[in-house]
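Everything on this sheet refers to the single structure shown next.
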Amino acid sequence: MENNTQSPTLDNKKPETTSSFAVVGAGVVGLCVALEAQRRGHKVTLIDDKAPGKSTSSGNAGYLATEIIDPLGTPEVLRSAPKLWLNPKGPICTPIRYITKAAPWYWRFIKAAQPDQAQRGTEIIHQLNKESVGAWKRTLTDIGAEALLIKGGHLVVWENPDKRDEASELIEKMHSYDISCELVYGNKLALLEPELSQTLSHAVFFPEIHRLSDPYDVCKALFDAFIKRGGSFISARVNAIQPYEDSIRLGTTQQTETFDRVSICAGAWSKTLLEQVGIHVPLEAERGYHVTFPNDKTRIHHTILSADRKLVLSPLGAGLRAVGMSEIGGLDLPPIKKRYQVLREHTKGLLPKLFDNPNLQSSEWMGHRPSLPDSLPVIDQHPLYSRLSFAFGHQHLGITQAAISAELLLEKIEMRPTRIPMKALQVDRF
């Protein structure tokens, strides 16, 4: 049964249970699921061959992008894709060596971008995003880390004055979904962000947008709380899954263990694990890049999305971070080095004074977003083995939707009413 009246998880009485619960994947989604399972009384073991929060989760822009409600594939995106693809400094490309492997995913992506399906995707993403800030507040307040969530506001900026209509259309759409925003330009824009380039024409300001102080710091706080509450961590890769009616057996690079319940939250690495239990999902690793300037986080006060350049600037604890690019490129190929230079050039176009420093320091990173063609995550149980569950595939919204995904998954596992309809998030929808 599903409804929209479920009270927040932390208000519910903790059930009496001693079941063992393994979470595979120690990124932000897995960490949130592990903590939520602990709150529900399960004895939880977290398993990953990488340090908690150190993989894809550590490299994002750290803001809760609740205003991004459209799937990656829409009719508008399909119309603009050729131009973006042909632009050598554009945000989209596919490594030549991966084009053949990527083709089936792109075919599904095109089908998912048709008007009716894209609109259904928008409705589901909006419902998830609408619940996300409240879920993060509950999660961080519960572990005494509410200061890590900042209501900082967000700007979408344009340099081309001929694109004022784009801003107006964005505002109209956001208001239709009750998302607060307003048009700013001239002195008002300069007051919000004094160091932004004077060539900017206008912006849409979202005053209610939140961000995390730093994505890795938040992951570390989640993990520390998990361990303090009796959680266990196994540093190993899961390479075998065997579900049974009353248990799930996991084989790792260290040992074989049996648990009452298992949840796969391994991001882009989830696909091969699911294939072992008879489920095939069109999950791809969408490579994203960032450049971080460690000494310059105070140059901006809000997160900033450039509508022209397709990148995000974010003031994080680790520094000023420029995040962008979208490459369906798998898990094994090395990064394309010129992408870092493109990020630097775009950053200079928005923050020219940053590059006046001849000793400017920066670091580079590439990670793998778990992306499904319809841009919706999987939050579900195995159709035959209900003790095996899944939460992965959040594409660009993993940080945004991590806490609410954990709450929804535990609601479903424990057969409690869920706050949003879950059919569109089923693992076998493909």
Side-chain angles (χ1 to χ4, degrees), residues 23-36 48 52-53 55-73 105 108-109 112 120-136 139 210-212 215-216 218-219 222 263-271 273-274 281-288 290 312 323 325-328 331 367-380 389-410 412 418-420 422 424-427 429-430:
V23 177
V24 179
V28 67
V29 175
L31 288 164
C32 285
V33 169
L35 271 170
E36 186 66 16
D48 202 319
S55 189
T56 304
S57 295
S58 67
N60 59 72
Y63 92 100
L64 307 191
T66 51
E67 88 290 358
I68 297 180
I69 59 174
D70 285 330
L72 298 179
W105 188 93
R108 289 177 177 268
F109 177 82
R120 287 195 293 271
T122 295
E123 298 297 332
I124 297 298
I125 293 170
H126 175 54
Q127 289 182 66
L128 285 167
N129 286 357
K130 190 166 59 172
E131 297 283 349
S132 66
V133 175
W136 267 115
T139 295
H210 291 67
R211 70 174 186 269
L212 304 180
Y216 177 65
V218 169
C219 288
L222 295 173
S263 186
I264 305 299
C265 307
W269 290 265
S270 300
K271 182 176 180 177
L273 296 176
L274 267 69
V281 290
L283 182 71
E284 268 293 354
E286 182 194 346
R287 290 141 50 104
H290 85 219
V312 173
V323 182
M325 309 305 174
S326 176
E327 296 176 355
I328 299 300
L331 293 166
H368 304 88
R369 306 181 187 104
S371 290
L372 291 158
D374 59 4
S375 298
L376 299 177
V378 165
I379 306 173
D380 197 14
S389 60
F390 317 102
F392 64 86
H394 294 78
Q395 37 97 16
H396 292 241
L397 298 174
I399 282 284
T400 304
Q401 297 173 356
I404 185 59
S405 295
E407 292 184 1
L408 290 170
L409 183 64
L410 267 294
K412 183 157 189 172
T418 58
R419 270 159 278 177
I420 69 170
M422 300 289 284
L425 310 179
Q426 290 178 337
V427 70
R429 66 181 186 265
F430 303 101

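With hydrogens and angles left out, the side-chain atoms of Ser132 and Gln401 include no donor and acceptor closer than 3.5 Å.
Here the straight-line distance linking atom CD1 of Ile404 with atom CG of Leu409 works out to 11.0 Å at 0.5 Å rounding. The distance from atom CD of Glu123 to atom CG of Asp70, rounded to the nearest 0.5 Å, is 10.0 Å. In this structure, OG on Ser326 lies 9.5 Å from CD on Gln395, to the nearest 0.5 angstrom. Between the CG atom in Leu408 and the CG atom in Leu425 there is a gap of 7.5 Å [rounded to 0.5 Å]. To the nearest 0.5 angstrom, Ile124 atom CD1 is 9.5 Å from Met422 atom CE. To the nearest 0.5 Å, atom CE of residue Met325 and atom CD of residue Glu286 are 12.5 Å apart.
Residues Ala266 and Leu273 approach most closely at CB-CD1, 4.3 Å, considering heavy atoms. Counting all heavy atoms, side chain and backbone alike, Ala403 lies closest to Thr139 at CB-OG1, 3.6 Å. The two atoms that bring Leu31 and Gly53 nearest to each other are CD1-N, 4.4 Å, heavy atoms only. When every heavy atom of Val323 is checked against every heavy atom of Asn60, the shortest pair comes out as CG2-C, 4.2 Å. Scanning all heavy atoms of the two residues, the minimum distance from Pro370 to Ala268 falls at CB-N, 3.3 Å. In plain terms, the two heavy atoms of Val23 and Gly30 that are nearest each other are CG1-O, 3.5 Å.
Applying the ring pair (Phe, Tyr, Trp, His ring centres under 6.0 Å) rule to His394 yields no partners; only residues at least two apart in sequence or on another chain are considered. Partners of Asp48 by salt bridge (charged side-chain N to carboxylate O under 4.0 Å, His left out), not counting sequence neighbours: none found. By the salt bridge (charged side-chain N to carboxylate O under 4.0 Å, His left out) test, Glu327 pairs with Arg287, Arg339, sequence neighbours left out. In this view, Arg108 satisfies the salt bridge (charged side-chain N to carboxylate O under 4.0 Å, His left out) rule with no residue, not counting sequence neighbours. Taking the side chain to side chain contact (heavy atoms under 4.5 Å, CB included) definition, one finds that Val312 meets it with Ala61, Tyr63, Leu305, sequence neighbours left out. Partners of His126 by side chain to side chain contact (heavy atoms under 4.5 Å, CB included), not counting sequence neighbours, listed by chain and number: Ile69, Lys130, Tyr177, Ile179.
Counting heavy atoms from C-beta outward, Thr66 and Thr400 have side chains that approach closer than 4.5 Å. Counting heavy atoms from C-beta on, the side chains of Pro71 and Asp374 never come closer than 4.5 Å. Using a 4.5 Å heavy-atom threshold, the side chains of Trp105 and Ser371 count as touching. You'll find the side chain of Thr56 reaches within 4.5 Å of the side chain of Trp269, heavy atoms only. Taking the side chain as every heavy atom from C-beta outward, Phe392 and Leu274 approach each other to under 4.5 Å. Annotation: side chain of Ser270 is not in contact with side chain of Val378 (no heavy-atom distance under 4.5 Å). Contact of the Glu407 side chain with the Arg419 side chain is registered, since non-hydrogen atoms from C-beta on lie closer than 4.5 Å. Side chains of Ser57 and Tyr216 form no contact here, defined as non-hydrogen atoms less than 4.5 Å apart.
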**Study point:** Evaluation steps, side-chain contact (heavy atoms from CB on, under 4.5 Å), between Leu222 and Cys32
**Key:** CA-CA 7 Å; Leu222 295 173; Cys32 285; 4.0 Å; yes
Point to revise | Check against side-chain contact (heavy atoms from CB on, under 4.5 Å), Lys412 and Ile379 | key: CA-CA 9 Å; Lys412 183 157 189 172; Ile379 306 173; over 6 Å; no
Review point. Does the pair Phe109 and Ile328 meet the rule for a side-chain contact (heavy atoms from CB on, under 4.5 Å), with working shown?
Key: CA-CA 11 Å; Phe109 177 82; Ile328 299 300; over 6 Å; no
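No salt bridge links Asp380 with Arg429; every basic N to acidic carboxylate O contact stays at or beyond 4.0 Å.
At distances below 3.5 Å, at least one donor-acceptor pair connects side-chain atoms of His290 with backbone N or O atoms of Gly59. In this structure, Trp136 contributes its side chain and Ile399 its backbone to a donor-acceptor pair below 3.5 Å. The backbone N or O of Glu67 lies less than 3.5 Å from no partner atom in the side chain of Asn129, so there is not a single donor-acceptor pair.
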